[in-house]
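Nothing here was measured: the structure is a model prediction, and the numbers come from that model.
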Amino acid sequence: MPGMRATAFTDLVGCRVPLQLAAMPGINTPQLIAAVANAGGLAMIGLPMMPAPAVAAALEDLSARCDGVLGANFLMPFLDLDALDAAATRARVIEFFYGEPDAALVRRASAGGAVVGWQAGSVAEAEAAVAAGCRYVVAQGVEAGGHVRGTMPRSALLAEVTGAVSVPVLAAGGIGNARDVAAALAAGAAGVRVGTRFVASEESGAHPQYVEALLHASAEDAVLTGRFSVMWPNAPHRVLQSCIDAAEAHSDDSVGETEMAPGMRMTLPRFSVPAPTRTTTGNIAAMCLYAGRSVGDVTSVQPAADIIRELCEGAEHILAEE
C-alpha cells in the first residue's frame with residue numbers, strides 16, 4: 001500500500017500497513033485472509049476448537065495462497081495446547097484473547113518463533129500481558145463487535161494503555177472509516193484492528209442475509225448483550241438488536257445447522273454463539289449477527305483490498321492535512 005507510514009507495529013510483525021483483520025471464525029475464509037495479507041495487513045485466522053492437524057493444514061494452505069503476514073488467534077476458554085504448538089511454528093503472530101495473560105503460554109508460543117500479542121479490555125490486563133512477555137497488545141474498546149472484553153470507550157482505553165505500556169498498541173472497537181483510523185494513529189496507536197467492515201467484504205464467508213442485515217443497520221442497532229450465551233456463557237458480546245428480537249420470537253430449541261468442518265454439520269441451538277456463514281441453513285435472522293458500532297460504515301460489499309485502501313490511504317491523507 002504505497003504512501004502508508006510505517007509504525008512500531010508494522011516494523012514488529014512485518015506487515016506493510018498498520019491494520020489487523022479481526023479473527024472471525026467462519027467469516028475469515030482463506031480467500032479473505034489471503035486478500036488482507038496480500039494487501040499489506042496482518043491477516044488473522046480464528047482457531048477455536050480446531051485440532052492441531054487441521055491447524056497445521058490450514059496455515060500451510062494459507063501460506064501457499066499469499067506472501068503477506070499471517071496470524072493465529074486463540075480464545076482462552078477453548079485453548080488447545082497442541083493446536084497452539086502447530087500454529088506457533090507456522091504463523092508469524094500468535095494472539096490470545098478472553099483470559100488472564102499467562103507467561104507460560106507466551107513463552108510456549110514464542111518458542112515456536114511467533115510474535116505474541118494479547119487483546120485486552122483494560123489497562124490492568126494490558127500491563128499483565130506485557131509483564132507476561134507479549135510484544136504488542138490490542139486495546140479493545142466497548143464499541144467492538146463480537147465478544148467484548150472492554151468496558152471503556154476505545155479512545156479512553158487507548159489513552160490509558162499507550163500511557164502504561166512500552167510495546168506497540170493496536171486500537172480496536174468500532175473502527176470503520178478512515179477518520180477512525182487517523183484518530184487512533186494520532187492518539188498513539190501503532191495500528192488498528194478492524195472486523196465488521198470485513199464481514200461485508202466480497203471474500204467474506206458470512207451468510208448473505210447476515211451481510212444484508214449489516215448493510216441496513218446503524219450504530220444504534222449494534223447492542224451489547226449477554227443473550228447469546230449458549231456454548232459460551234458469561235461472555236458479553238455486541239450484536240444486531242434484530243437478531244435478539246428474532247431469536248426471542250423463534251419457538252424451537254434450534255435455529256438451524258452449520259458446517260463446522262467439511263462433511264461435519266452441527267445443529268445450532270437458539271441463542272448459541274456461532275455466526276451464520278454461507279454453509280448455514282435455518283432461521284438466519286435469529287442467529288448471532290455480530291456487529292460493532294462501526295456498522296453504519298458498512299454501506300456496500302467491497303473487495304477486502306479496497307476496504308484496506310479506503311481506510312489506510314484515507315487515514316494517511318487526513319493525517320497529512322492535520
Side-chain angles (χ1 to χ4, degrees), residues 4-23 40-42 44 69 71 73 92-103 106 110 115-197 238 292-294 308 311-312 314-322:
M4 192 67 198
R5 67 188 64 187
T7 70
F9 179 71
T10 60
D11 290 343
L12 174 66
V13 305
C15 57
R16 301 193 307 277
V17 297
L19 183 147
Q20 179 194 44
L21 169 67
L42 170 59
M44 301 294 292
V69 183
N73 176 274
R92 171 61 177 162
V93 172
I94 295 293
E95 188 176 283
F96 297 101
F97 182 44
Y98 230 92
E100 294 301 317
D102 185 327
V106 175
S110 299
V115 173
V116 183
W118 208 285
Q119 184 172 203
S122 67
V123 176
E125 192 171 37
E127 290 177 324
V130 175
C134 289
R135 298 175 66 186
Y136 76 91
V137 294
V138 181
Q140 187 202 48
V142 72
E143 302 94 336
H147 294 288
V148 181
R149 190 77 164 171
T151 59
M152 296 174 61
R154 179 189 72 242
S155 58
L157 180 61
L158 177 63
E160 291 196 10
V161 173
T162 54
V165 303
S166 57
V167 300
V169 178
L170 298 186
I175 294 175
N177 59 56
R179 188 158 294 281
D180 291 336
V181 177
L185 295 175
V192 296
R193 180 182 174 101
V194 179
T196 304
R197 282 293 302 272
R238 191 174 293 280
R293 284 187 58 83
S294 61
I308 293 177
L311 296 179
C312 294
E316 191 67 21
H317 287 311
I318 292 168
L319 291 169
E321 293 170 359
E322 293 179 349

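- Taken to the nearest 0.5 Å, the CD atom of E316 stands 8.5 Å off from the CG atom of L185.
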Could you walk me through whether V93 and Y136 pass side-chain contact (heavy atoms from CB on, under 4.5 Å), step by step?
CA-CA 10 Å; V93 172; Y136 76 91; 3.3 Å; yes
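- A donor-acceptor pair is defined here as one N or O able to donate and one able to accept, closer than 3.5 Å; no such pair exists between the side chain of T7 and the backbone of G191.
- Closest heavy-atom contact between A182 and I318: CB-CG2, 3.8 Å.
- The backbone N or O of G150 lies less than 3.5 Å from a partner atom in the side chain of Q140, making a donor-acceptor pair.
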Any chance you could lay out the side-chain contact (heavy atoms from CB on, under 4.5 Å) test for C134 and V116, step after step, and finish with the verdict?
CA-CA 5 Å; C134 289; V116 183; 4.2 Å; yes
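- Closest heavy-atom contact between A171 and A184: CB-CB, 3.8 Å.
- If you run side chain to side chain contact (heavy atoms under 4.5 Å, CB included) between V169 and each of L157, L158, V130, only L158 comes through.
- Applying the salt bridge (charged side-chain N to carboxylate O under 4.0 Å, His left out) definition to pairs two or more places apart or across chains, those involving residues 138-152 are E100-R149, E125-R149.
- Every side-chain contact (heavy atoms from CB on, under 4.5 Å) that D11 has, sequence neighbours left out, goes to A6.
- Every side-chain contact (heavy atoms from CB on, under 4.5 Å) that V69 has, sequence neighbours left out, goes to C15, L42, R92.
- Contact annotation: the side chain of D180 never approaches that of V192 to less than 4.5 Å [non-hydrogen atoms, C-beta and beyond].
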Checking V138 against F97 for the side-chain contact (heavy atoms from CB on, under 4.5 Å) test, could you report, in this order, the C-alpha distance in whole Å, the side-chain angles of both residues, the deciding distance, and whether it holds?
CA-CA 9 Å; V138 181; F97 182 44; over 6 Å; no
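- In terms of heavy-atom proximity, I175 sits nearest to V194 at O-CG1, 3.7 Å.
- Side-chain contact between R193 and E95 is present, with at least one heavy-atom pair separated by less than 4.5 Å.
- With a 4.5 Å cut-off on side-chain heavy atoms, R16 and T10 do not count as touching.
- Across all their heavy atoms, C312 and V17 have their closest contact at SG-CB, 4.0 Å.
- The two atoms that bring A129 and W118 nearest to each other are CB-CB, 3.6 Å, heavy atoms only.
- Residues V13 and Q20 have side chains not in contact (no heavy-atom distance under 4.5 Å, counting atoms from C-beta outward).
- Residues V142 and R238 have side chains in contact (heavy-atom distance under 4.5 Å, counting atoms from C-beta outward).
- Counting heavy atoms from C-beta outward, L19 and L311 have side chains that approach closer than 4.5 Å.
- When all heavy atoms of A172 and R154 are compared, the closest pair comes out as O-CG, 3.5 Å.
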